[in-house]
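Quantities reported herein were computed from a predicted structural model and do not represent experimental measurements. Order of listing sets the numbers, starting from 1, for every ligand and every atom in it.
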Amino acid sequence: MYNSKIIGLGKYLPDNIVTNSDLEKIMETSDAWIEERTGIKERRHISKGSNDSTSSMGVEASKIAIERAGISARDIDLILFATLSPDYYFPGSGVLVQDALNIPDCPAMDIRMQCSGFVYAVATADQFIKTGMYKNILVIGSEFHSGGLDMTTRGRNISVIFGDGAGAVVMTRAENESVGVLSSQLHSEGKYAKELSLIGPSTGRWVPEIMKENDPEDISYYPYMNGQFVFKNAVVRFTQVINAGLEKVGWKPNEIDMLIPHQANLRIAQFVQKKFGLGDNQVYNNIQRYGNTTAASIPIALTEAWEQGKINPGSKVVLAAFGSGFTWGSIMIQW
Ligand code: UT7
């Protein structure tokens with residue numbers, strides 16, 4: 001059995017910055033409301049006509065992660081691509097990344113676990129590395145939300161939150177058992193699937209059917225969120241799943257060097273920070289600048305924290321996520 005560890009990190013954000021004031025011009029909202037409820041000041045949206053896509057952003061983040069890992073793309077044995085906004089309905093975006101990176105043959109798997117997607121993907125990579133089946137695994141989280149949001153007042157409770165972007169890491173075998181991923185906790189609770197969902201288009205709601213009806217009030221092809229219900233579940237599940245991880249590895253909360261919570265809402269992250277009595281230097285947030293990028297939020301934040309020298313060899317790092325499904329999970333990493 002091998003431990004797995006992260007040896008390269010990268011991120012990619014589209015250039016186009018959309019501020020809260022920009023949103024005020026197209027829907028009834030305000031900078032004050034968004035800032036107070038979510039902490040968000042601005043997010044990135046892929047510009048119309050740009051060549052950026054879910055997979056291309058993943059490729060750009062991956063190139064940086066692979067270079068920093070000191071390997072070449074051809075050394076990758078497996079690609080795991082976490083997203084809820086794939087380029088196509090099928091095939092998944094992982095194979096598009098494989099092609100763009102000129103990797104002739106390696107398995108490429110999409111992980112459809114929404115905001116928890118990156119945590120699920122790291123846990124999956126860890127298992128493949130533990131068994132010895134694969135050595136170098138490229139783990140990507142990438143989202144292109146902006147093209148599919150209801151940017152009118154009707155959709156404001158959800159469209160002001162989400163942003164586009166990608167992050168990626170390279171994972172490989174750790175030299176010993178005291179380093180790398182020490183534990184992972186994964187959960188889901190499908191009875192709440194519709195509380196945060198995008199129902200159509202789907203196999204239960206094909207596009208011709210939606211187009212035939214052509215009902216301007218049909219919002220089934222926009223994301224839906226029961227915001228307060230999701231919020232209440234999020235704070236409970238974040239707390240439980242971080243606690244479970246701490247217990248498993250025997251760390252006290254004050255020993256955490258860096259908690260990277262999924263960037264769902266700054267108020268959720270602040271609640272969790274307070275619950276565990278963590279200082280500002282023990283938690284990394286960037287939702288203020290990027291909004292909620294679902295599966296991409298943790299790898300983007302992890303990359304930034306590492307780039308800023310906040311994660312170093314020996315650091316105790318905790319990743320935690322909650323989101324649509326509901327799904328949630330945590331990963332404890334001895335860096
Ligand atoms: O990443 C996956 C997991 N996601 C989450 O964890 C998100 C969890 N939920 C949340 O973060 C919060 O529920 C939101 C930030 C999405 C919304 O905040 P809220 O305090 O739950 O607002 P609400 O939807 O209950 O709406 C409160 C009021 C309503 O007006 P009335 O009925 O009280 O007059 C809304 O119409 O705020 C209004 N509102 C807005 N006003 C200005 C909703 N969205 C907006 C907006 N701008 N963008």
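Considering Ile161, Leu196, Asp31 only, the shortest heavy-atom separation from atom 16 (C) of ligand 1 involves Ile161.
Considering backbone and side-chain atoms alike, Gly227 places an N or O below 3.5 Å from some N or O of ligand 1. Every N/O-N/O distance between Thr294 and ligand 1 stays at or above 3.5 Å. Close N/O approach between Thr29 and ligand 1 is found [any backbone or side-chain N/O within under 3.5 Å]. An N or O contact shorter than 3.5 Å links Gln228 to ligand 1 by distance.
Under the 4.0 angstrom criterion, atom 22 (O) of ligand 1 counts as having a protein heavy-atom contact. For atom 33 (O) of ligand 1, no protein non-hydrogen atom is found at a distance below 4.0 Å. Distance check for atom 29 (C) of ligand 1: every protein heavy atom is found at 4.0 Å or beyond.
Each ring-ring contact (aromatic ring centres under 6.0 Å, His included) pair with one or both residues in residues 143-168, not counting sequence neighbours, appears once here: His145-Phe162.
One finds a salt bridge joining Arg68 and Glu307 here, because a Lys/Arg side-chain nitrogen approaches an Asp/Glu carboxylate oxygen to under 4.0 Å. Classification of Arg289 and Glu42 as a salt-bridged pair fails, no side-chain N sitting under 4.0 Å from a carboxylate O. Comment: Glu24 does not engage Arg156 in a salt bridge, judged by the lack of any side-chain N to carboxylate O separation of less than 4.0 angstrom.
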Walk me through it: do Asn312 and Ser315 pass the test side-chain hydrogen bond (donor to acceptor under 3.5 Å, both in side chains)? CA-CA 5 Å; Asn312 294 294; Ser315 295; 4.8 Å; no

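Those atoms of ligand 1 that come under 4.0 Å of a heavy atom in Asn265, given as number and element, are 10 (C), 11 (O), 15 (C). Close approach of ligand 1 to Val230 (heavy-atom distance below 4.0 Å) involves ligand atoms 3 (C), 4 (N), 5 (C), 6 (O), 8 (C). With ligand atoms numbered from 1 in the order given, ligand 1 contributes 8 (C), 9 (N), 10 (C), 11 (O) to contacts under 4.0 Å with heavy atoms of Phe231. If you number the atoms of ligand 1 from 1 as listed, the ones under 4.0 Å from a heavy atom of Val160 come out as 48 (N). Listed by number with element, the atoms of ligand 1 under 4.0 angstrom from any heavy atom of Cys115 are 1 (O), 2 (C). Here is the list of ligand 1 atoms found below 4.0 Å of a heavy atom in Thr38: 15 (C).
Looking at Trp33 against ligand 1, only its side chain comes within 4.0 Å, counting heavy atoms. When non-hydrogen atoms are compared, ligand 1 lies under 4.0 Å from the side chain of Asn292 (C-beta onward) but not from its backbone. Counting heavy atoms under 4.0 Å from ligand 1, residue Met225 touches it through the side chain alone. Within the 4.0 Å heavy-atom criterion, neither part of Ile158 lies near ligand 1.
Hydrophobic clustering (ILVMFWY, side-chain heavy atoms < 4.5 Å, transitive): Met27 and Leu149 are in one cluster. In the hydrophobic clustering of this structure, Trp33 groups with Met225; members are Ile, Leu, Val, Met, Phe, Trp, Tyr whose side-chain heavy atoms approach within less than 4.5 Å, directly or through other members.
Here the straight-line distance linking atom CG of Asn286 with atom NZ of Lys11 works out to 9.0 Å at 0.5 Å rounding. With rounding to the nearest 0.5 Å, the separation of OG1 in Thr83 from CD in Glu143 is 3.5 Å.
For the pair Arg43 and Tyr290, the cation does not sit on the ring face, since its NZ or CZ is not both under 6.0 Å from the ring centre and inside 45° of the axis.
Residue contacts with ligand 1 include His262, since one of its heavy atoms falls under 4.0 Å from the ligand. Using 4.0 Å as the threshold, Arg267 has no heavy atom nearer than that to any atom of ligand 1.
Under the side chain to side chain contact (heavy atoms under 4.5 Å, CB included) test applied with Ser93, the options Asp110, Ile79, Ile140 reduce to a single match, Asp110.
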Enumerate donor-acceptor pairs with a distance under 3.5 Å from any side-chain N or O in residues 231-242 to protein atoms, sequence neighbours excluded.
residue : atom : partner : partner atom : Å
Asn233  : ND2  : Phe229  : O            : 2.9
Arg237  : NH1  : Gln240  : OE1          : 2.7
Arg237  : NH2  : Glu189  : OE1          : 3.1
Arg237  : NH2  : Glu189  : OE2          : 3.3
Thr239  : OG1  : Val235  : O            : 2.6

